[in-house]
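Letters A, B, ... are given to chains in the order of the sequence lines, protein chains preceding strands, and every chain is numbered from 1. We use all heavy atoms of the structure for the numbers below, so side chains are in, but hydrogens, waters and symmetry mates are not.
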2 protein chains.
Amino acid sequence: MEQTTRSKIIGAADALFYEHGLRSVSVDAIAERAGVTKRTLYYHFESKDALIAAYLAARDRPTVERYRDWLGDDGRPLPDRIVAMFAALASFAERPKWRGCGFTRAAVELAGQPGHPAVVMAADHKARFENWLAGELANGGVADAAAVGRQVMILLEGAIALMLVHRDTSYAVAAGEAAAALVSSALPETSTRAVEAVS
Amino acid sequence: MEQTTRSKIIGAADALFYEHGLRSVSVDAIAERAGVTKRTLYYHFESKDALIAAYLAARDRPTVERYRDWLGDDGRPLPDRIVAMFAALASFAERPKWRGCGFTRAAVELAGQPGHPAVVMAADHKARFENWLAGELANGGVADAAAVGRQVMILLEGAIALMLVHRDTSYAVAAGEAAAALVSSALPETSTRAVEAVS
DNA sequence: GTCTATACACAGATAGAC
DNA sequence: GTCTATCTGTGTATAGAC
């Protein structure tokens, strides 16, 4: 079955690329971890760049699903759900193998090659994620959901970067409080009180 | 003068490391750009890793000074100064050669090697920057300046990451508005009303 | 589709003359 | 302090058998 071999290779690429980065991981290492030879790998993927693109493509859906779970269902007050999402991220980042966002890291490592497929995929992933976030806020009754969604997105991204640099997951909690304050301010009734409560 | 040769090498390293990243730039390329041979480079620096560390060390002060300029002097209302800082960042990021924060990018690219000197330097730089930011907020009368400073720091970091991914500098403006809102909420009532009266 | 074996370029780092 | 020349490992990718 070609499917099995291909997915084994992508699984090995995911483990190594995410842990060590793109350029520092060799095709040999991926092939070895996947339990195939390099020649087999090149039968399934045209080049290392193609494998990088496949690695990110496989990460797209699980990443979005994870945040969807963290945000939870409609029902609770929106600021609480936002805080919960950031708290879950903080908990997730406690894991020793956590290394930040694979998409952002790929875009950063390939910042010198703006046309690279992986960079394009990262931008697309982030745009769709921001769009989803804005939609959730709009459903929750937030005024100007696009603008607030973008601010929450920025807080998410910044928290991930600083958690990676400092290995301190409290940044996600701090970001969650800020996000909840901004969201509360954009909700119809409780705006002023909620912001002051956080500060 | 040894100083001249050494600084020429660091200058070449800065240009290439910042533009293309760490691993994708060879020592040969840096030596060539500096106008020296590889052997001379290795006379001044023990290894490529040492050169990377020197590259970041040289970037530390100019980076902080730039933000200090952008925030401006005491006198204007603090939220206005915050907005101005983010606006200046947006303008700075318009330049074609802009590639985000060299410290964060180094930490991201070396995320697989937590003990690497460059990672340690990046964390130290970010910690001192956050400290400076909190100090400025405290001087401006912000309550709980440490917590708000951290939130502003997260917004800064997130805006830089997303500007790099999307090549859209409006993220810094959006982050600046969020930061100003959070700062305003942490100011005494009198200061907040003074801001509104001026604008 | 998967293997063994290998081509070819380039990486980081060093030897030793001057 | 700077040079020419080189060592040695590793990188991506390919040839051709089975």
Give a yes/no answer on whether the side chain of [X] brings an N or O atom under 4.0 Å of OP1 or OP2 in [N].
{"X": "A:Thr5", "N": "C:dT2", "answer": "yes"}
{"X": "B:Tyr43", "N": "D:dT2", "answer": "no"}
{"X": "A:Ser26", "N": "D:dG11", "answer": "yes"}
{"X": "B:Thr40", "N": "D:dG1", "answer": "no"}

- Item | Qualifying residue for ring-ring contact (aromatic ring centres under 6.0 Å, His included) with B:Tyr55, from B:Phe17, B:Phe103, B:Tyr18 |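 Result for ring-ring contact (aromatic ring centres under 6.0 Å, His included) with B:Tyr55: B:Phe17.
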
Take atom [atom1] of [X] and atom [atom2] of [N], then tell me their distance rounded to the nearest Å.
{"X": "A:Glu46", "N": "D:dT14", "atom1": "CD", "atom2": "P", "answer": "9 Å"}
{"X": "B:Arg6", "N": "D:dT2", "atom1": "CZ", "atom2": "C1'", "answer": "17 Å"}
{"X": "B:Tyr42", "N": "D:dT8", "atom1": "OH", "atom2": "C1'", "answer": "13 Å"}
{"X": "A:Asp28", "N": "C:dA5", "atom1": "CG", "atom2": "P", "answer": "15 Å"}
{"X": "B:His44", "N": "C:dA13", "atom1": "NE2", "atom2": "P", "answer": "16 Å"}
{"X": "B:Leu41", "N": "D:dT4", "atom1": "CG", "atom2": "C1'", "answer": "16 Å"}
{"X": "A:Glu32", "N": "D:dT12", "atom1": "CD", "atom2": "P", "answer": "14 Å"}
{"X": "A:Leu51", "N": "D:dA13", "atom1": "CG", "atom2": "P", "answer": "10 Å"}

- Task: Measure from the ring center of A:Tyr67 to the ring center of A:Trp132 and say whether it is less than 6.0 Å.
- Result: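 Centroid separation for A:Tyr67 and A:Trp132: 6.0 Å or greater.
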
- Geometric class of the A:His125/A:Phe129 ring pair [parallel <30°, tilted 30-60°, perpendicular >60°]: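 Rings of A:Phe129 and A:His125: tilted, 30 to 60°.
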
- Query: Nearest to the side chain of A:Thr37, which nucleotide is it out of D:dT12, C:dA13, C:dC3?
  - Reply: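 Selected nucleotide (nearest to the side chain): C:dC3.
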
- Task: Report yes if a donor N or O on one partner sits less than 3.5 Å from an acceptor N or O on the other, where the partners are the side chain of A:Arg39 and the base of C:dA5; otherwise report no.
- Result: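 Donor-acceptor pair under 3.5 Å: no.
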
- Message: Could you check whether A:Arg95 makes a cation-pi contact with A:Phe92, meaning its NZ or CZ is under 6.0 Å from the centre of the six-membered ring and within 45° of the ring axis?
- Response: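 Satisfied, under 6.0 Å and within 45°.
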
- Mind checking the CG-CG spacing from B:Asp14 to B:Leu56? Nearest 0.5 Å is all I need.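 These two atoms lie 9.0 Å from each other.
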
- Could you pick out which residue, B:Lys38 or B:Gly35, lies toward the 5' side of DNA chain D when each is mapped onto its nearest nucleotide?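 Its nearest nucleotide being more 5', the pick is B:Gly35.
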
